[in-house]
Structures are given as C-alpha cells and as structure tokens.
Amino acid sequence: MATTNFTSVEEYIASFPDDVQAILQKVRQTIRAAVPDPGEKISYQIPTITLDGKSLLYFSGWKAHISVYPIPPLDDALAQEITPYRSGKGTLKFPLNRPIPYDLITRLTQAFVTARATST
C-alpha cells in the first residue's frame, strides 16, 4: 500500500490486493455489526469506526496482518484470549496466514461499546 490521502473507507480497502480486501471488508462488517448506529471515517489515514460521532475503534491492513486498535478495557478472560495477538500496549495483530478470529473482534468491539456507555 502506497502512502495516500484516503477520503473514504472504501478507497482505503480498495488499495489492497483482492484477498486482503475481502478480509478488511469482513473486519469492517464485524465491527459495524457490534456498534449501535455506527459511523465511519478515515482518521490517521486508516478506517475508523465511530460511535456518537467519536472515534471508537481503528483497523488497518498490512503486508502480513490486520491490526485493530486500541485495546479496550477487558475482563480477565477476554484479556487472556487476546494475548497471542497483542503487539505493544494497545495494538492487536491478526496474521493473514491464519484464520481471522471475527468472533473475538466482535467481543472486543462490544467491550468498547460497553466502556463508552459507562464513561458517559
């Protein structure tokens, strides 16, 4: 992916090879399905899912993985489950050469929505 000033999530996803586009679209749909009345935008040149107009969760594609960030507040069980995907303090990396755990992405998104609801 070349550095570009993306104007939409569709444009961002279209910049990847077809096989990665399919995964990014499914990640996008998975996150959006877990957010009540989701919005989206490009922020920091990557797709951003919004809730009530505020950035909630980011995702991006890379050569060998898909990233989701930041990591929401988690209960102990979910924190343990994401351990193999942690990269740094606030990033999860899902390798493209293994099945993407969409159910885990759903639960992470739900944790973000819950955290946002309790903080307002």
Side-chain angles (χ1 to χ4, degrees):
M1 178 182 73
T3 302
T4 306
N5 288 324
F6 297 107
T7 58
S8 69
V9 174
E10 290 82 12
E11 185 181 11
Y12 177 89
I13 291 173
S15 72
F16 288 87
D18 290 344
D19 57 335
V20 178
Q21 284 183 41
I23 294 168
L24 287 168
Q25 284 290 10
K26 186 146 185 192
V27 167
R28 176 189 192 188
Q29 293 165 354
T30 299
I31 295 169
R32 288 181 58 88
V35 176
D37 195 25
E40 61 184 25
K41 63 183 179 180
I42 293 291
S43 181
Y44 303 107
Q45 286 303 301
I46 59 173
T48 307
I49 304 300
T50 63
L51 175 62
D52 299 327
K54 297 179 182 172
S55 299
L56 180 72
L57 192 59
Y58 304 82
F59 67 95
S60 62
W62 299 90
K63 187 175 182 178
H65 66 274
I66 300 293
S67 289
V68 174
Y69 14 59
I71 298 171
L74 304 170
D75 62 34
D76 290 342
L78 193 51
Q80 194 75 324
E81 198 171 340
I82 68 166
T83 298
Y85 304 106
R86 276 190 178 268
S87 176
K89 200 171 193 174
T91 301
L92 297 174
K93 289 184 180 179
F94 301 104
L96 291 172
N97 63 355
R98 294 196 314 217
I100 303 296
Y102 297 106
D103 61 322
L104 180 60
I105 294 170
T106 294
R107 287 183 283 135
L108 289 166
T109 304
Q110 290 167 338
F112 259 117
V113 170
T114 299
R116 178 68 60 87
T118 59
S119 70
T120 57

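Every heavy atom of this structure was used, including side-chain atoms; hydrogens, water molecules and symmetry mates were not. Treat the numbers as computed from the prediction; the structure is a model and nothing was measured.
- The environment of D76 atom CG is sparse: at most 12 non-hydrogen atoms of other residues, nucleotides or ligands sit within 6.0 angstrom.
- Inter-residue side-chain proximity for I23 and Y102 is flagged as met; some heavy-atom pair is nearer than 4.5 Å.
- Within the 4.5 Å cutoff, the side chain of Y58 has no heavy atoms near those of the S67 side chain.
- Between R98 and H65, every side-chain heavy-atom pair lies at or beyond the 4.5 Å cut-off.
- Contact between T50 and K41 at its shortest, heavy atoms only, is CG2-CE, 3.9 Å.
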Given the rule in the side chain to side chain contact (heavy atoms under 4.5 Å, CB included) test, do I66 and K93 qualify, once you have shown the distances and angles that lead to the verdict?
CA-CA 6 Å; I66 300 293; K93 289 184 180 179; over 6 Å; no
For E81 and L104, what are the C-alpha separation, side-chain angles and deciding distance, and is it a side chain to side chain contact (heavy atoms under 4.5 Å, CB included)?
CA-CA 8 Å; E81 198 171 340; L104 180 60; 4.0 Å; yes
Stepwise, does the side chain to side chain contact (heavy atoms under 4.5 Å, CB included) test hold for V27 with F94?
CA-CA 11 Å; V27 167; F94 301 104; over 6 Å; no
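- In this structure, OG1 in T109 is found 8.5 Å from CD1 in I49, a value given to the nearest 0.5 Å.
- Contact detail for T7 and I42: the closest heavy-atom pair is C-CG1, 4.2 Å.
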Would R32 and Q29 count as a side chain to side chain donor-acceptor pair (under 3.5 Å) if you check the C-alpha gap in whole Å, the side-chain angles of each, and the deciding distance to 0.1 Å?
CA-CA 5 Å; R32 288 181 58 88; Q29 293 165 354; over 6 Å; no
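- Contact between L74 and A79 at its shortest, heavy atoms only, is CD1-CA, 3.8 Å.
- Annotation for V9 and F59: closest pair CG1-CZ, 4.4 Å, computed over non-hydrogen atoms.
- The two residues I46 and S60 have their closest heavy-atom pair at CG2-CB, 3.7 Å.
- Dense packing is recorded around CG of D75, with more than 12 heavy atoms of other residues, nucleotides or ligands lying under 6.0 Å away.
- Distance check: E40 CD to T48 OG1 gives 9.5 Å after rounding to the nearest 0.5 Å.
- Between P38 and I31 the shortest side-chain heavy-atom distance does not fall below 4.5 Å.
- Taking 4.5 Å as the limit, every side-chain heavy atom of D103 sits out of range of all side-chain heavy atoms of T30.
- Heavy atoms only, all atoms of each residue included: F16 and W62 are closest at CE2-N, 4.1 Å.
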